[in-house]
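Presented below is the structure to which this report refers.
Only this structure's heavy atoms are used, side chains among them; waters, hydrogens and symmetry mates stay out. Residues take their numbers from the sequence shown, with the count starting at 1.
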Amino acid sequence: APPGPQALRVDGRVVRGCDAHGDFVRCVVATDTMGTVSLRAPRGRCEAAPGDRVTAIVSARPVVPWRNPPLEDPSMQSLRRGLAWRLETAQCVVLGRDAGALDLVRRAARRARRSVDAALRRSLTEAGAARAAALLFGDERGLDDATLEAFRETGLAHLLAVSGAHVAVVLRGLGAAVSWLARRSRWIVARGLAWRAARVIPLPLAGFFVLMTGESPASVRALLSGVAVALLSLWGRRARALDVLALTVLAMTLVEPALTHDLGLQLSAVATAALVARAEAGSPPSGEGWGRRGLGWARWGRIWPGAPG
């Protein structure tokens, strides 16, 4: 039998969260004595944000692998990410703030997410607001079973999980808007800065969107791919999609080796590679129709408009 829970007091710094999951909130907390842990509390009883130092009386249970796990054991996922303990508390107390730059941006992203959620609830019906939140942020909590089943039966369930497609849409939309505004300025156009602005300005905004959605590995991969493509274009180099994909996945797994077992990242990488391979197989030879440079941008779907030509 797995070890029973232990009651103790813990102090630590909130690394991520505290995000609502049904009637509870779940935080990732870096403690001095137990390492990084998962802390769960009733909703409204642990109002902490990234960078806050908290203390709580908790019931602690170690994470142990399942005896008969499914295809991917969730306990092993937690262990690979360094979460060896699951803690539960009736209430946590915020002692102070020890926030770095990334923590402050995460806090701002959480506030923006709450503002968007509130605006959706004011503007739409309850069901409409739940669907909008699910499509925008991958938040399925407000969807009923019938709606979830309808998405699965129609093959659209992937739209309810934030992926690279969401980030690509954000980059393309912001890039189009920035390009349109930049081309209104003769000074910017005369200096050839319009396409550069359309490449660079959307990146931090897309990064903020990724923070709002919870920083899923698939969305982070898409954001890093966008950064790589933008840098290469600014240096006058053509971005090869498979090379960029390999570079971003390799970099992410080197920083966090546990991501090699993340099913979301695996599916994202395989799907992207398949789309790229299919696009290359159906593309005309480089000397027909498209030039080499134009073909390279076509393969990437022209995520940002206003490419240099």
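The two residues L124 and A129 have their closest heavy-atom pair at CB-N, 3.8 Å. Nearest heavy-atom pair, A206 versus L174, reported as atom, atom and distance to 0.1 Å: N-CD1, 4.3 Å. Of all heavy-atom pairs spanning L136 and T213, the tightest one is O-CG2, 4.0 Å. Heavy atoms only, all atoms of each residue included: L87 and A60 are closest at CD2-CB, 3.3 Å. Listed here is the closest heavy atom pair of S219 and V210: OG-CG1, 3.6 Å. Taking each heavy atom of R13 and R53 in turn, the nearest pair found is CB-NH1, 3.7 Å.
Atom CG in L254 sits 4.5 Å away from atom CG in L250 (nearest 0.5 Å). Note that the CG atom of L211 and the CZ atom of R110 stand 12.0 Å from one another [nearest 0.5 Å]. Distance check: F24 CZ to R43 CZ gives 11.5 Å after rounding to the nearest 0.5 Å. One distance of note links CG of L8 with CD1 of I57; it measures 8.0 Å at 0.5 Å rounding. Atom CG of L148 is separated from atom CD of E153 by 11.5 Å, given to the nearest 0.5 angstrom. Taking CG of L171 as the start and CG of L203 as the end, the distance is 6.0 Å to the nearest 0.5 Å.
R183 and S179 are linked by a side-chain donor-acceptor pair at a separation below 3.5 angstrom, with hydrogens and angles left out of the test. Side-chain contact check for R221 and T248: no donor-acceptor pair (N or O, by modelled atom type) lies under 3.5 Å.
No single ILVMFWY cluster, assembled from side-chain heavy atoms under 4.5 Å apart, contains both I201 and I188. Taking hydrophobic clusters as Ile, Leu, Val, Met, Phe, Trp and Tyr residues chained together by side-chain heavy-atom distances below 4.5 Å, V105 shares a cluster with L205.
Considering only heavy atoms from C-beta on, L245 stays 4.5 Å or farther from V276 through its side chain. L231 has its side chain out of reach of R199: every pair of non-hydrogen atoms, C-beta onward, lies at least 4.5 Å apart. When side chains are defined from C-beta on, M252 counts as touching L265, because their heavy atoms get closer than 4.5 Å. Between R196 and L234, some side-chain heavy-atom pair lies under the 4.5 Å cut-off. R97 places a side-chain heavy atom less than 4.5 Å from the side chain of R107. In this structure, the side chains of S268 and P217 stay at 4.5 Å or more apart for every pair of heavy atoms. Here the side chains of V29 and T36 are not in contact, with every heavy-atom distance at 4.5 Å or above. Using a 4.5 Å heavy-atom cutoff, the side chains of T31 and W85 are not in contact.
With respect to T55, the side chain to side chain contact (heavy atoms under 4.5 Å, CB included) criterion is satisfied by exactly one of V93, V94, V10: V93.
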Next item on the list: List the steps, then state whether salt bridge (Lys or Arg N to Asp or Glu O under 4.0 Å) holds for D117 with R121.
Entry: CA-CA 6 Å; D117 286 339; R121 290 193 295 269; 5.0 Å; no

Next item on the list: Any chance you could lay out the side chain to side chain contact (heavy atoms under 4.5 Å, CB included) test for L259 and E256, step after step, and finish with the verdict?
Entry: CA-CA 6 Å; L259 289 177; E256 189 173 350; 4.0 Å; yes

Next item on the list: Using the side chain to side chain contact (heavy atoms under 4.5 Å, CB included) rule, take L39 and V58 through it: C-alpha gap first, then chi angles, then the decisive distance, then the call.
Entry: CA-CA 8 Å; L39 175 65; V58 303; 3.9 Å; yes

Item checked: Residues E88, R61; criterion salt bridge (Lys or Arg N to Asp or Glu O under 4.0 Å); working and verdict -> CA-CA 9 Å; E88 294 195 13; R61 188 186 297 273; over 6 Å; no

Note to self: For a side chain to side chain contact (heavy atoms under 4.5 Å, CB included) check, start with the C-alpha distance between R238 and L232, then their side-chain angles and the critical distance, and finish with the verdict.
What the structure shows: CA-CA 6 Å; R238 181 170 63 88; L232 288 171; over 6 Å; no

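Not one N or O on the side chain of D243 forms a donor-acceptor pair closer than 3.5 Å with the backbone of R240. Within the 3.5 Å criterion, the main-chain N or O of L120 finds no donor-acceptor partner in the side chain of S123. A donor-acceptor pair under 3.5 Å is absent between the side-chain atoms of H166 and the main chain of F209, judged by distance alone. Not a single donor-acceptor pair under 3.5 Å links the side chain of T89 to the backbone N or O of C92.
In this structure D144 satisfies the side-chain hydrogen bond (donor to acceptor under 3.5 Å, both in side chains) test together with T147, sequence neighbours excluded.
Few gaps surround CZ on R184; more than 12 heavy atoms of other groups in view lie less than 6.0 Å from it.
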